[in-house]
Every structure is written in structure tokens, then in C-alpha cells.
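Below is one structure; the comments refer to it alone.
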Amino acid sequence: MAKQTPFYSKHLEHNGRMVEFANHFLPVQFKGIIPEHQRVRSTVGVFDVSHMGRVEIRGKDAMMFTDYITTNDVLSLAEFQVQYSTFCVPDGGIVDDLLVYRMPDYILLVINGARHEEDMKWIMQNKRGDVQIVDRTSEIAQLAIQGPKTENVLQKICNIDLSKIGFYWTAEAKIAGIDMLISRTGYTGEDGFELYIENKYADKIWDAVFAAGKEYDIEPIGLGARDTLRLEMKYCLYGNDITLKTNPLEARLGFVVKLDKQNNFIGQDALKKVKADGLKRKLIGFEMMDNSIPRHDYDIICDGNKSGKVTSGTIGPSVHKGIGMAYVPTEFAATGTEIEIDIRNKPAKAKIVKTPFYQFGTRK
Amino acid sequence: MADTLIPKELKYTSTHEWLKIEGDTAVMGITDFAQKELSDIVYLDLPEPGKILNQGDVLGTIEAVKAVSDFYTPISGTIIETNQELKTAPDLVNKEPYGKGWMVKIKVTNNSEVTNLLNAEAYEKITVAH
């Protein structure tokens, strides 16, 4: 049975269309995907992301252990810095993508809701050194406030100067008088913050954020617009664009794979070999040359041959085009290369483009 | 679904199209229920005038942000006109599914096929069961 998040009643109040996602009841949309998407690009919107997993790594070896199970360089993090990363299995396949927060006395991992159980198993299997793994997911609610007006909204109800928090930095702060962790992070391409709130304060914080955001027409945003916003930025979605059968180098996530970091990490040898051998395929972004819309799992045709599948596809409400992501053989990965997408048995022309698809985000 | 419009004077299909007969021609579109389910319609692939179709054949395709869906002709006949406004404003289907969001006009081959269609009451049962 899917779980309700601490904001469940708020979604019903706003007439959210509820669906099951990552074992939770979440709103797929409120007023519509397009108006919600535009709300985030133009002013500010609120996402309930409580389905994400929140796991603390504590103990003397917390940093060393996190460095061992993630591909990015944890030891380089300053206190209160946040880092995007991946977990990889020994063959280089991706277990999950995640955020790593370095707090003064612990590490916080924010993982995908749909991968929560698998990730926990995997973390426990690989546990080593003096570490304690504390799954805080069910105690803490998570809100993402996103859009160019986010700082204006939150500053009204926050006790610290938000302009001092850089992109991918975190802080302990009071919002509406309640202590919480906040970070300047998100999945939309716009400026924004994520708030980590004790469950019992969830309603209070939701109401305070909406009251503060009223002058900017703040709205709740569903999973539908979350997907179009992230896809316009070519941000990967686990399960679609990255899986156990893809590695972070071909997924163009090389910037979070530090092959030469001080410590060994799981997947290092395999990924070094992938790099040395050269990539056979690459995750590219393409746009349709006509008005058709690519969708997940449609076939990709390169030079007449079926060469893969669309991993994510949509119409981009801000770019006004059909856009998508796919793994194509390296020789077809260059910007400007034309490929075809099999749109329900009709081949439609597409071309590889520079990404992000949407170039005017306030954070990218 | 709450506040879904199902006008009494129209005929319906179980695949969520509506039909309005005027003499030997008919106008069709998709129901309020269907447009709410699809939401955010961004593109319609409509048939060419002159095309002859049998009741239940695929008429065209509706692309919404989240999903793509075929729609079907509620009655046999020849396509005489499609709604050109939908080329630039496909969201008319969301805004006025029974009005400006109409899709196709058909010259009806056989009026008696109407008996295969649902009245408003029968169609409402389908949407409630959904």
C-alpha cells in the first residue's frame, strides 16, 4: 500500500490529481502541467518531494565510507557543501543518483524514492569502518520551492540571509520559527531551495510558504511539471535515463565521477576501463524537426538501423518542441547529427542538439 | 470525476467521443471527461477531408504533454471538414470540448448506427465506474 506524505491533505485541498509514485500518493498535477511548468519558470512553485529518501551516515568514518560508495569526491567537500553524485556497482552500472550533504557531524544522502529500498540494501551490504546508517525518511518531510522568486518568498520567513547561500550549499535555519535544514538545490533549472522539515511542522511550513508566496502567485506543482522541467534541463531521471545497465560516463555524468580521487570507490576499475576503451554510446539530447512528440521507449533510428530507445521524451513547454534523451552510438552523438524517431510506426526526423534544451534557467 | 459535463442532447461512445447529428452530417469531439484525463493537449493529428471511415475506426491522434491517445469515429461516413483552429489552438479541446474544441465533421453513411451509441445517462455510468 502506498504511503501518504505529510502534505497529503494539502494536495487534496488544492485538488491535486493523486497517483501512486515511488510507493507514495503524490499529485501528478493540480491546474495542469503547462501552467504549473510556467509558474516555476516565471515566479515560484512548491513541490512535495517527501518521497525522496533521507539517510544519515554518522560515525568517525562517515566521510571515508561515503567517499567509497559514491563516485564524486566527498573528501573535497567543505562543511555545509552539497554534491551531486552516483552510486555504482562494481561493473560501473548505476544503482542510483543522489545528493551528498556534508554537515559538521554527519553526512546526509538524499536518494530517489523509487530506489530507496534497493539503495538501503546496497549501502548496508557495503558498510565498512565506524559508521552508523540512520534512515530518517519517515521522520522528515521535504519541500522543494523552485522558481526565480524563491529567495524573495523565503527571505520573508527565514532568519538568515539567504543571498549568502550559494548554489549547492546548505544551512541550518529557521523558517517561520521552525529549525530545519535548507539547501539551494533543485531539479528544475531555476533558482530554488529544498527544505527538510520535521513531519509535525509540515502543515505549518506549507501554510507559511504559501502565505509568503501569495504576491508571486505561488502554486503547488505536480509530478507532471516536475518531469517537463527537469527534461528541459536534460537532468537524468533514474529508471529512465540511468539504470543498472548504464554507466555514468556514457550518461554524460563524468563531472561526478572522480576516477583519480584519493580513495578507491566501488565501480572505479570498471569506469577507468570504460574511459580507456572509449565510449560506445552516449546519452544525447535531441529535438524533433517537426511537431511530433517523442516518448519513453520509442525506437531511435540511426542511418536506417534501430539503435536504441528514447529514454525520456516530452514536449518542452518552454522550448515549444518535442525533445528527448537517448543513448546513441558515439558516431551519431555529435551536435547537429540527424537521426529518426519511430513515432508509432512513422519515422520522424530529429537532430542532436546542445543541452540544456532550455537555456534561460536561473540556475543550471 | 466531479463536475464533468455530459450534455443530455449528445450521443457518446465508450471510448469517450461525443457526436451531434444534424440531418445527414454529424460533428464529433472528445468528452469533457476525456479532456480532463488527458489534460494539456498540445497537438492533434486530424484526418484528411474525403477519407471514408467505418464506425469505430481510428480518426486521429491526440497528443497531450503526458500521453498520446487515438480517437475513433462514433459513426461511419466521409470526413467533410476538420477544425482548423485546433492547429494553432489545440487547447480549445481542453477549454471547450463540446464547443470550439470540436474536431471532425462527417457526412453520415447510415443514420441507424446511432443506436449503437450511448445516451448521456449510460455514458455517465462509464465515467463514474472509471
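Throughout, protein chains are lettered first and strands after them, A, B, ... in sequence-line order, and every chain is numbered starting at 1. Atoms considered below: every heavy atom in the structure, side chains included; atoms not considered: hydrogens, waters and symmetry mates. Remember, predicted model here, so these are calculated numbers, not experimental data.
Residues T4(B) and K36(B) share a closest heavy-atom pair of CA-NZ, 3.8 Å.
Listed options I315(A), T228(A), T314(A) were ranked by heavy-atom pairs under 4.5 angstrom with chain B; first place goes to I315(A).
For F210(A) and H14(A), the ring centers sit closer than 6.0 Å to each other.
Contacts of V65(B) with chain A are made by both backbone and side-chain atoms, with heavy-atom separations under 4.5 Å. Residue contact with chain B, scored on non-hydrogen atoms closer than 4.5 Å, involves the side chain of D227(A) exclusively. No part of N94(B) comes within reach of chain A, as not one of its non-hydrogen atoms sits under 4.5 angstrom from that chain.
Taking the six-membered ring where tryptophan is involved, the planes of W206(A) and H11(A) are perpendicular, since the angle between them exceeds 60° and thus also 30°. Aromatic ring orientation, H16(B) versus Y123(B): perpendicular (interplanar angle above 60°, classes split at 30° and 60°).
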